[in-house]
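To start, the structure under review is shown below, and the notes come after it.
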Amino acid sequence: MKILSVVGARPQFVKLAPVAHAMVGRAEHIVVHTGQHYDELMSDVFFRDLGIPAPDVNLAIGSGNHGAQTGAMLEGIEQVLLERRPDWVLVYGDTNSTLAAAVAAIKLHIPVAHLEAGLRSFNRRMPEEHNRVLTDHASDLLLAPTAVAAAHLSNEGLAEKTVVVGDVMTDVLTGVRDRVAGDPLPDLVSEGDYYVATIHRPDNTDDADHLRGIVDGLAALDKPVLLLAHPRLVHTAERLGVALEGGSLQTRAPLAYPQLVRAVMGAAGVITDSGGLQKEAFLLRTPATTVRPETEWVETVDLGWNVLVAPERDAIVEAVHRPVPHATEETPYGDGSAAVRVVDELLARS
Ligand code: UD1
């Protein structure tokens with residue numbers, strides 16, 4: 001069987017890693033990189049560190065407004081699909097690369113499987129929410145990470161196409177966690193005595209009041225804060241005249257995945273608006289504070305390891321300084337073998 005994966009943005013490279021490994025010897029696997037992310041630290045380093053073979057095709061689309069970026073991807077992916085004629089197209093998560101690949105494939109009557117199907121924030125301001133809903137309804141097979149995601153799909157009339165496979169990010173994390181446990185921490189911080197922060201959602205970065213509230217909150221925390229700055233944050237902060245410095249704040253470049261995992265393992269807490277990082281923090285049992293009105297990963301909140309806050313200084317400080325949550329043995333994100341199940345499900349439909 002010939003399976004073609006389309007990826008383009010940082011979290012998709014992480015999801016691709018265990019799937020690519022699980023494909024070896026079982027299916028012909030073609031990897032297409034749209035080029036949505038292209039910086040060394042946003043792209044190449046993930047392929048290297050996670051042992052993913054170089055993409056078979058790189059469309060090098062780059063950044064742009066939603067329409068221009070998604071449209072260019074659609075055109076590029078269609079051409080690749082016409083040439084390669086896969087049996088299945090596998091799309092990941094909720095980025096513009098995901099939606100473009102799903103649309104390109106269905107127009108050519110090639111079956112589409114959506115990995116990480118059924119996540120919902122119910123917030124239509126998020127581009128990811130448009131991408132998820134549209135991709136789920138376009139797809140032939142919905143590979144859901146959790147029971148909650150499967151219930152959302154069922155509510156939308158998609159139960160028959162849905163299979164719960166578990167969360168592939170748990171697969172990757174489990175392997176990397178054990179590998180990096182003894183590695184050194186980032187420079188200038190000591191075990192348990194710092195926080196890790198990432199902020200990149202447009203609702204937080206592109207609004208001067210929100211961004212100021214977040215930066216002021218991070219600066220006022222009781223331990224050093226490593227702010228691992230996504231390019232979008234760096235660009236918008238400069239444009240809005242918000243300095244990413246002061247108080248406890250230490251702004252740094254994004255970390256490669258293994259270094260990120262090590263940094264989160266040693267941190268007293270994580271402050272983020274990233275979907276993946278909230279969940280990674282939970283899996284590593286580091287308390288998370290999420291600067292968003294809602295989350296797709298509701299289990300992290302229900303189990304007490306994640307608190308949602310507004311982009312306001314005092315709310316952030318209060319949430320981050322809360323007592324450590326109660327220990328839990330719950331495993332809502334599966335047992336670390338989701339990727340094998342993904343391949344099983346695709347092969348069962350050859
Ligand atoms: C995208 C995804 C988001 C995901 C995030 C992970 C969409 C709609 N959003 O958001 O779901 O959580 O990736 O990081 O697909 N840039 C660079 N170098 C790069 C990539 C981006 O400088 O390698 C800058 C550019 O100025 C670009 C901006 O970052 O305009 C935003 O990049 P883009 O890919 O449009 O969206 P993300 O914010 O990264």
Side-chain angles (χ1 to χ4, degrees), residues 6-17 32-48 55 58-74 76-77 91-104 114-117 119-121 123-136 169 172 196-207 210-211 227-240 244 251 253-257 260 270 272-281 290-292 294-297:
V6 180
V7 291
R10 183 168 60 171
Q12 294 173 319
F13 310 139
V14 179
K15 292 165 199 166
L16 170 66
V32 179
H33 187 332
T34 62
Q36 177 170 350
H37 286 174
Y38 42 86
D39 286 352
E40 162 80 14
L41 280 176
M42 298 291 287
S43 176
D44 300 4
V45 77
F46 288 84
F47 282 82
R48 266 203 313 274
N58 190 328
L59 296 171
I61 305 289
S63 305
N65 291 338
H66 289 291
Q69 186 184 52
T70 313
M73 290 175 187
L74 178 55
I77 295 166
V91 301
Y92 300 69
D94 54 21
T95 73
N96 289 343
S97 299
T98 315
L99 178 62
V103 175
H114 183 202
L115 181 69
E116 215 175 66
L119 293 186
R120 295 288 182 270
S121 66
N123 176 355
R124 286 296 186 117
R125 282 190 53 80
M126 288 175 62
E128 294 82 4
E129 186 74 356
H130 319 148
N131 292 341
R132 292 178 190 126
V133 172
L134 294 167
T135 301
D136 281 338
M169 288 182 101
V172 196
V196 169
T198 76
I199 294 293
H200 76 278
R201 301 244 167 235
D203 267 358
N204 286 331
T205 58
D206 300 8
D207 178 307
H210 291 180
L211 186 56
L227 175 61
L228 309 173
H230 183 290
R232 177 193 283 283
L233 173 64
V234 175
H235 297 162
T236 54
E238 202 177 293
R239 180 164 50 79
L240 296 172
L244 299 176
T251 298
L255 289 176
Y257 187 74
L260 174 72
V270 162
T272 190
D273 58 7
S274 148
L277 193 53
Q278 294 166 46
K279 187 166 31 100
E280 284 151 356
T290 296
V291 190
R292 280 183 51 195
E294 71 287 298
T295 178
E296 300 78 12
W297 303 106

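Both counts, for ligands and for their atoms, begin at 1 and track the order of listing.
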task = For Asp206, check side chain to side chain donor-acceptor pair (under 3.5 Å) against everything at least two apart and list the hits.
result = none
message = Applying side chain to side chain donor-acceptor pair (under 3.5 Å), can you list everything that pairs with Asp203, at least two apart in sequence or on another chain?
response = Arg125
ask   = Does His200 have any ring pair (Phe, Tyr, Trp, His ring centres under 6.0 Å) partners at least two apart in sequence or in another chain, and if so, which?
value = His230
Starting from the N and O atoms of ligand 1, collect every protein N/O partner closer than 3.5 Å and put each pair on its own line with the distance to 0.1 Å.
{"unit_1": "ligand 1", "atom_1": "11 (O)", "unit_2": "Glu128", "atom_2": "OE2", "d": "2.7"}
{"unit_1": "ligand 1", "atom_1": "12 (O)", "unit_2": "His200", "atom_2": "NE2", "d": "3.1"}
{"unit_1": "ligand 1", "atom_1": "13 (O)", "unit_2": "His37", "atom_2": "NE2", "d": "3.4"}
{"unit_1": "ligand 1", "atom_1": "14 (O)", "unit_2": "His230", "atom_2": "NE2", "d": "3.2"}
{"unit_1": "ligand 1", "atom_1": "15 (O)", "unit_2": "Gln36", "atom_2": "NE2", "d": "2.8"}
{"unit_1": "ligand 1", "atom_1": "15 (O)", "unit_2": "Asn96", "atom_2": "N", "d": "2.8"}
{"unit_1": "ligand 1", "atom_1": "18 (N)", "unit_2": "Tyr38", "atom_2": "OH", "d": "3.4"}
{"unit_1": "ligand 1", "atom_1": "18 (N)", "unit_2": "Asp39", "atom_2": "OD1", "d": "3.4"}
{"unit_1": "ligand 1", "atom_1": "18 (N)", "unit_2": "Asp39", "atom_2": "OD2", "d": "3.0"}
{"unit_1": "ligand 1", "atom_1": "22 (O)", "unit_2": "Tyr38", "atom_2": "OH", "d": "3.4"}
{"unit_1": "ligand 1", "atom_1": "23 (O)", "unit_2": "Tyr38", "atom_2": "N", "d": "2.8"}
{"unit_1": "ligand 1", "atom_1": "23 (O)", "unit_2": "Asp39", "atom_2": "N", "d": "2.9"}
{"unit_1": "ligand 1", "atom_1": "26 (O)", "unit_2": "His235", "atom_2": "ND1", "d": "3.0"}
{"unit_1": "ligand 1", "atom_1": "34 (O)", "unit_2": "Gln36", "atom_2": "NE2", "d": "3.0"}
{"unit_1": "ligand 1", "atom_1": "34 (O)", "unit_2": "His37", "atom_2": "NE2", "d": "3.3"}
{"unit_1": "ligand 1", "atom_1": "38 (O)", "unit_2": "Arg232", "atom_2": "NE", "d": "2.7"}
{"unit_1": "ligand 1", "atom_1": "38 (O)", "unit_2": "Arg232", "atom_2": "NH2", "d": "3.2"}
{"unit_1": "ligand 1", "atom_1": "39 (O)", "unit_2": "His37", "atom_2": "NE2", "d": "2.7"}
{"unit_1": "ligand 1", "atom_1": "39 (O)", "unit_2": "His230", "atom_2": "NE2", "d": "2.9"}

Ion pair check, Arg48 and Glu40, cut-off under 4.0 Å = yes
Salt bridge present between Lys15 and Glu116 (N-O < 4.0 angstrom) = yes
ask   = Hey, do the aromatic rings of His114 and Tyr92 have their centres closer than 6.0 Å?
value = no
